[in-house]
Amino acid sequence: MAASVSMDSHEGPAIEFNSVRIGFEEGDILSNISFRVMPRETIVLLGETGTGKTLSLKLAAGLLKANSGSVRVLGKNLSEMSERELLGFRREIGFVFQEGALFDSMTVAENVAYRLLEEKADPDAIEPQVLEALRFVELEHTTELVPSELSGGMRRRVSIARALITRPPIVLYDSPTAGLDPVTSQTIITLILRLRDSYGVTALLATHRLQDGFALANFHFDRNSNRVLPNSSNGSSAPVSSTRFLVLRDGGIYFEGSPEQLVASNDPYLKRFLV
Ligand SMILES: Nc1ncnc2c1ncn2[C@@H]1O[C@H](COP(=O)(O)OP(=O)(O)OP(=O)(O)O)[C@@H](O)[C@H]1O
Ligand SMILES: [Mg+2]
């Protein structure tokens, strides 16, 4: 699975929010948000429930449009694109929805193939791609099962396979470990690390779990040993990716910085995330 050409040929931020505002009848949820995700970077989006993490991811995927400001992905302004252009462009962006959001009446294979089926791709071409994506999450034996026959962790892995089917250079993860036990959460984080460090995926990841963010910041997937290793133990082949944290609060970005800066902060609000 190779990163898409468009990322390799693109210089500048993979994702760029400029003064983005979005709101509903009750008022603004995001009032003035600006940030950038550089290629191969992982941004961990933290924030209490209702602060707009999912909305931010949907804006980045072009599933929602900002009321004002601009969202650029791979240099393209999403609000200037037609629905039709966006449909094609979404191949560049994998989305792992909150709770997985699989279609209950479809088999695992159909769920994973969904994007390709929607594009009316050649059925003969679909099957090997579905198997490749499922092999990545080690679930190639589940193609004919339906989601209710899978455990919560397996469903989450299927939703990762579904996001990978177009080999996107950018993946948006919406609370990928929410509701999972610690061991299963670790499996999901390992997959995210593998994807990032094997294929150079750029990621924007919403979570309530700070430890997920620290795992992404402090560990990498080593292709030689096929294992997750702490960054410090492998200085010579240090990972090319870097991880930053972004905390949303009251419609704005309350904090943006490295994991070290977050840990060192004396801010009482930020400290509540650290306990
Ligand atoms: N289509 C919509 N219409 C009206 N309000 C909406 C809509 N979508 C989201 N909201 C509101 O925007 C706010 C932010 O929602 P969002 O789902 O982004 O929060 P979140 O940070 O992802 O929360 P959680 O941690 O619970 O997943 C919520 O108050 C939600 O009710
Ligand atoms: Mg959410």
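Index from 1, following the sequence. None of these values were measured; they are calculated from a predicted model. Both counts, for ligands and for their atoms, begin at 1 and track the order of listing.
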Discussion item. Using a 3.5 Å cut-off on N or O atoms only, is S175 in polar contact with ligand 1?
Written reply: no
Item to complete: Check the pair F245 / F273 against ring-ring contact (aromatic ring centres under 6.0 Å, His included), numbers first and verdict last.
Response: CA-CA 12 Å; F245 288 78; F273 279 94; 9.9 Å; no
Worksheet entry | Per-atom contacts, ligand 1 versus T49 - under 4.0 Å to a heavy atom | 23 (O), 24 (P), 25 (O), 26 (O)
Item to complete: Would you kindly specify which portion of I29 sits under 4.0 Å from ligand 1, judged on non-hydrogen atoms: side chain, backbone, both or neither?
Response: side chain
Worksheet entry | Which residue and heavy atom of the protein sit nearest atom 2 (C) of ligand 1, plus the separation | F24 CE2, 3.3 Å
Discussion item. Please report whether atom 31 (O) of ligand 1 has a protein non-hydrogen atom at a separation of less than 4.0 Å.
Written reply: no
Response to the item:
For atom 14 (C) of ligand 1, the closest protein heavy atom turns out to be G50 O, 3.3 Å
Worksheet entry | Protein residue, atom and distance nearest to atom 17 (O) of ligand 1, heavy-atom basis | T54 CB, 3.5 Å
Worksheet item: Identify the closest protein heavy atom to atom 27 (O) of ligand 1: which residue and atom is it, and at what distance?
Response: Q98 NE2, 2.7 Å
Worksheet entry | Full working for ring-ring contact (aromatic ring centres under 6.0 Å, His included) between F136 and Y199 | CA-CA 12 Å; F136 186 83; Y199 304 119; 5.7 Å; yes
Worksheet item: Mind checking whether the Mg ion (ligand 2) has an N, O or S of T54 under 2.8 Å?
Response: yes
Response to the item:
If you scan protein heavy atoms around atom 25 (O) of ligand 1, the nearest is K53 NZ, 2.7 Å
Worksheet item: Do any N/O/S atoms of Q98 come under 2.8 Å of the Mg ion (ligand 2)?
Response: yes
Discussion item. Is it true that H220 and D197 share a donor-acceptor pair across their side chains at a distance under 3.5 Å?
Written reply: no
Worksheet item: Does ligand 1 have an atom under 4.0 Å from some heavy atom of H208?
Response: yes
Item to complete: Compute whether any side-chain donor of one residue and acceptor of the other, for T54 and D174, lie under 3.5 angstrom apart.
Response: yes
Discussion item. For E41, is there any backbone N or O sitting under 3.5 Å from a side-chain donor or acceptor partner on S242?
Written reply: no
Discussion item. Just to verify, which of Q129, E132, E92 counts as forming a side chain to side chain donor-acceptor pair (under 3.5 Å) with R167?
Written reply: E132
Fill in: K76/E85 ion pair, N-O < 4.0 Å
no
Discussion item. Side chains of S70 and N77: any donor to acceptor distance under 3.5 Å?
Written reply: no
Worksheet item: Taking R40 for the side chain and T202 for the main chain, is one N or O donor matched with an acceptor at less than 3.5 Å?
Response: no
Discussion item. Within the 4.0 Å heavy-atom shell around L55, which atoms of ligand 1 are there?
Written reply: 8 (N), 9 (C), 12 (O), 14 (C), 18 (O)
